[in-house]
Amino acid sequence: MTDGDPRLDLLRSRIRDVPDFPKPGILFKDITPLVGDGPAFQAAVDLLAESCAGYRFDRIVAIESRGFVFGGALAARLGLPMAMVRKPGKLPYRRDSTSYALEYGEGTLELHVESVRRGERCLILDDVLATGGTARAAATLAEGQGGRVEGYAFVIELDFLAGRGKLADKPVFALLHY
Ligand code: AMP
């Protein structure tokens with residue numbers, strides 16, 4: 001993938017900006033037009049697979065809920081297992097939890113126990129990298145189960161929020177930058 005790859009223009013054209021969602025001042029990057037377009041969705045999954053092709057992963061750790069859309073497609077493409085990091089109250093079985101700072105207050109994420117095996121190399125995946133707290137919390141859960149975080153992948157990175165600074169110098173792949 002290069003910066004001039006025409007598939008990136010296709011993806012960019014399928015991201016809808018929604019001002020003031022979920023609260024005033026946030027410009028929400030809506031990926032529903034992208035997944036609603038077959039060739040664009042395929043291009044996104046192809047580009048994610050290509051951009052992390054030089055690295056070896058044993059498992060994708062995807063973050064609720066839009067991360068599941070891309071994580072599931074990428075895991076199936078690569079023939080890798082996927083672990084699902086969820087918001088509180090969604091997972092039925094025994095689970096690990098971690099709390100992290102949000103812009104206002106605190107968030108919590110959960111992962112079923114034994115979702116990641118000891119020593120597994122993990123790719124953390126979500127749709128958008130904003131401040132990085134969510135991705136870092138997912139990494140904490142995977143590491144708590146003995147996984148090794150090898151890198152992070154996103155469809156969109158909001159560069160001005162400098163979220164990759166929280167991701168401890170691991171490789172960060174993002175298809176689109178704003
Ligand atoms: P953060 O922890 O700040 O990196 O936030 C990342 C999480 O919030 C991801 O799961 C994103 O889906 C979501 N998110 C944060 N900011 C936006 C945004 N501007 N547009 C869409 N999703 C966002």
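One-based numbering, in listed order, for ligands and for the atoms of each. What's counted below: heavy atoms across the whole structure, side chains too, no hydrogens, waters or symmetry copies.
- Annotation: side-chain contact (heavy atoms from CB on, under 4.5 Å) contacts of A139 (sequence neighbours excluded): I124, R136, V149, Y152.
- A search for ring pair (Phe, Tyr, Trp, His ring centres under 6.0 Å) contacts involving F173 returns Y55, not counting sequence neighbours.
- Applying the side-chain contact (heavy atoms from CB on, under 4.5 Å) criterion to L27, with sequence neighbours excluded, gives D17, P19, K29.
- Near ligand 1, L27, F28, K29, R66, D126, D127, V128, A130, T131, G132, G133, T134, L158 each place a heavy atom less than 4.0 angstrom from the ligand.
- Results of the side-chain contact (heavy atoms from CB on, under 4.5 Å) test with F154 over D127, V172, L125 single out V172 as the only residue that passes.
- Here D46 pairs with R77 in a salt bridge; the nearest charged N to carboxylate O distance falls below 4.0 Å.
- Taking the ring centroids of Y178 and F160, they lie at or beyond the 6.0 Å cut-off.
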